[in-house]
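Report on one structure; see the data block that follows.
In this chain, residues are counted from 1 in sequence order.
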Amino acid sequence: MTVGPVVAFLQGEGPDAAGRTLFEVLAMDNAALEHTHDFIQWLFPLREPSRAVPDAPALTDAEVEAIRDSAMAQIALAAATDRMEAFYRATHDWLMPNDHNHLRITRIIRSLRLLVGDDQADAFKAAILSMAETTRAPISARSRGYWATA
């Protein structure tokens, strides 16, 4: 079976649309993660097209299954989850009523639920909510609602 570009990316075998490898994206520093807006769709793909990055990949059913069945893609998703959780722990700009990172967080939860499972999606969501509660961040009810239903 031929894999699409996002599957190859998550298996460490191909670049994203900007020519970056999985390993280069995971090695980005926090400032680069904050200011680069076209990587999250590759680290945490969904079936639906991105409204923020229209040329980002949207998964087919075959790609969803390939990612679920690929040990390398599962390792990549775990590493990406760890990296993004570390990013949110180290940065505080997202701890406000509205921020573009809230959309990223929703995407991460939805992608993990689709590609890895409920336990990992719920664990990431719990970590994010814990950070918000610990800092008493004024995150909007709308963002919290998206996270709750992701």
- How many angstroms lie between CZ in R113 and CD1 in I108, if you round to the nearest 0.5 Å? 13.0 Å
- Item | Closest non-hydrogen atom pair between F39 and M84, with its separation | CE1-SD, 4.0 Å
- Message: Rounded to the nearest 0.5 Å, what separates atom NE2 in H102 from atom CD1 in I139?
- Response: 4.5 Å
- Side chains of E13 and T21: does their closest heavy-atom pair fall under 4.5 Å? no
- Are side-chain heavy atoms of S50 and R107 found at a separation under 4.5 Å? yes
- Message: Less than 4.5 Å apart, side chain to side chain, heavy atoms only: is that true for M28 and E34?
- Response: no
- Item | Over all atoms of both residues, closest heavy-atom pair of Q74 and R68 | NE2-CA, 3.6 Å
- Query: Just how far is it from atom CD1 of I105 to atom CD1 of I128, taken to the nearest 0.5 Å?
  - Reply: 4.0 Å
- Message: Please check: side-chain N/O of S130 versus main-chain N/O of A126, any donor-acceptor pairing under 3.5 Å?
- Response: no
- Message: Treating Q11 as the side-chain partner and S70 as the backbone partner, does any N or O pair qualify as donor plus acceptor under 3.5 Å?
- Response: no
- Query: Do R20 and D38 come close enough that some side-chain heavy atom pair is under 4.5 Å?
  - Reply: yes
- Item | Atom of A127, atom of R89 and distance for their closest heavy-atom approach | CB-NH2, 4.0 Å
- Query: Is the shortest side-chain N to carboxylate O distance from R144 to E133 below 4.0 Å?
  - Reply: yes
- Message: Rounded to the nearest 0.5 Å, what separates atom OG1 in T134 from atom CG in L129?
- Response: 10.5 Å
- Query: When you look at H100 and W94, which way does the ring-ring contact (aromatic ring centres under 6.0 Å, His included) test go after all the steps?
  - Reply: CA-CA 8 Å; H100 71 100; W94 68 278; over 10 Å; no
- Please say whether more than 12 non-hydrogen atoms of neighbouring residues, nucleotides or ligands are located less than 6.0 Å from CZ in F87. yes
- Task: State whether the side chain of T36 and the backbone N or O of A32 hold a donor-acceptor pair below 3.5 Å, judged by distance alone.
- Result: yes
- Can you find a heavy atom in the side chain of I109 that is under 4.5 Å from one in the side chain of W147? yes
- With hydrophobic residues grouped by side-chain heavy-atom distances under 4.5 Å, do F124 and L95 end up in a single group? yes
- Check whether any side-chain heavy atom of L59 lies under 4.5 Å from a side-chain heavy atom of L114, and answer yes or no. yes
- Message: Taking L10 as the starting point, is it possible to reach F23 by hopping between hydrophobic residues whose side chains are less than 4.5 Å apart?
- Response: yes
- Note on the structure: Heavy-atom nearest pair, L46 first then R110, reads CD1-NH1, 3.4 Å
- Task: Compare all side-chain heavy atoms of T81 with those of F44 and state whether any distance is below 4.5 angstrom.
- Result: yes
- Message: Could you check whether any side-chain N or O of R47 sits under 3.5 Å from a backbone N or O of T60, counting only pairs where one atom can act as donor and the other as acceptor?
- Response: no
- Query: How far does CG of D69 sit from CD of E65, to the nearest 0.5 angstrom?
  - Reply: 6.0 Å
- Of all heavy-atom pairs between P49 and A58, which one has the smallest distance, and what is that distance? N-CB, 3.9 Å
- Spell out, yes or no, whether L77 and V64 are grouped together once hydrophobic residues are joined by side-chain heavy atoms under 4.5 Å, including indirect joins. yes
- Message: Quiz question: by atom type and distance under 3.5 Å, do the side chains of D16 and Q41 form a donor-acceptor pair?
- Response: no
- Query: Can you tell me if S111 uses its side chain to pair, donor with acceptor, with the backbone of P45 under 3.5 Å?
  - Reply: yes
- Would you say R83 and L33 make side-chain contact, with heavy atoms under 4.5 Å? yes
- Task: Give the cluster check for Y88 versus L26: same hydrophobic cluster or not, with ILVMFWY residues linked at side-chain heavy-atom distances below 4.5 Å.
- Result: yes
